[in-house]
Amino acid sequence: YARDADRSQYCGLRWDEAGLSYAHVVARDAGGRRAWTSIVSACKACNARKGSRSCDEAGMWPLRTPLEPSSLPLHGPRIAAATAPDEWQDFLGAWAR
């Protein structure tokens, strides 16, 4: 999701992790592989709409060509201090703020 800036590569909208899934540009049952160059971030609605069809069949193409990144940004843990257990509060410190 970080590579694609948390955006669905079909509709272009930004989503949180719960709203995204990964989508095979070439469906697995059509020989698509699980590799950087064949997977994009997609919202669940776009992923379901494309289904196992090819981009041409679905009329849906990724906004950007999927490439293997040379690096990815580091992210701290995504834990909200308000919902984390009390015993985690000291550990979370600035990460949760």
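Not measured: the values here are computed from a predicted model.
- Residues satisfying the side chain to side chain contact (heavy atoms under 4.5 Å, CB included) criterion with Ala18, sequence neighbours excluded, are Asp16.
- Val26 forms part of no hydrophobic cluster, judged by ILVMFWY side-chain heavy-atom separations under 4.5 Å.
- Scored by the side chain to side chain contact (heavy atoms under 4.5 Å, CB included) test, Ala48 finds no partners at all (sequence neighbours excluded).
- Closest non-hydrogen pair, Trp15 versus Cys11, comes out as NE1-SG, 4.2 Å.
- In terms of modelled atom types and a separation under 3.5 Å, the side chain of Asp4 and the main chain of Ser41 share a donor-acceptor contact.
- Leu67 and Thr37 make their closest contact through CA-CG2, 4.4 Å (heavy atoms, listed as atom of the first residue, atom of the second, distance).
- Considering only heavy atoms from C-beta on, Val25 stays 4.5 Å or farther from Ile39 through its side chain.
- Here the rule is side-chain contact (heavy atoms from CB on, under 4.5 Å) with Met60, and of Cys55, Cys46, Ser54 only Cys46 fits it.
- Residue Arg14 places its CZ atom among more than 12 non-hydrogen atoms of other residues, nucleotides or ligands, all under 6.0 Å distant.
- With sequence neighbours left out, Leu63 forms a side chain to side chain contact (heavy atoms under 4.5 Å, CB included) with Gln9.
- Cluster partners of Trp61 are absent, since no Ile, Leu, Val, Met, Phe, Trp or Tyr has side-chain heavy atoms less than 4.5 Å from it.
- Here side-chain hydrogen bond (donor to acceptor under 3.5 Å, both in side chains) pairs that include residues 20-30, with residues two or more places apart or in two chains, are Ser21-Asn47, Tyr22-Arg34.
- Looking only at distances, a side-chain donor or acceptor of Arg3 sits under 3.5 Å from a matching main-chain atom of Trp36.
- In terms of the side-chain hydrogen bond (donor to acceptor under 3.5 Å, both in side chains) criterion, Ser8 has no residue partners (sequence neighbours excluded).
- Once rounded to the nearest 0.5 Å, the distance linking OG of Ser52 with CD of Glu57 reads 8.0 Å.
- Residues passing the ring-ring contact (aromatic ring centres under 6.0 Å, His included) test with Tyr1: none are found, sequence neighbours excluded.
- One finds the CG atom of Asp6 at 7.0 Å from the CD atom of Glu17 (value rounded to the nearest 0.5 Å).
- Counting only distance, with no hydrogens or angles, the side chain of Arg7 and the backbone of Gly12 share a donor-acceptor pair below 3.5 Å.
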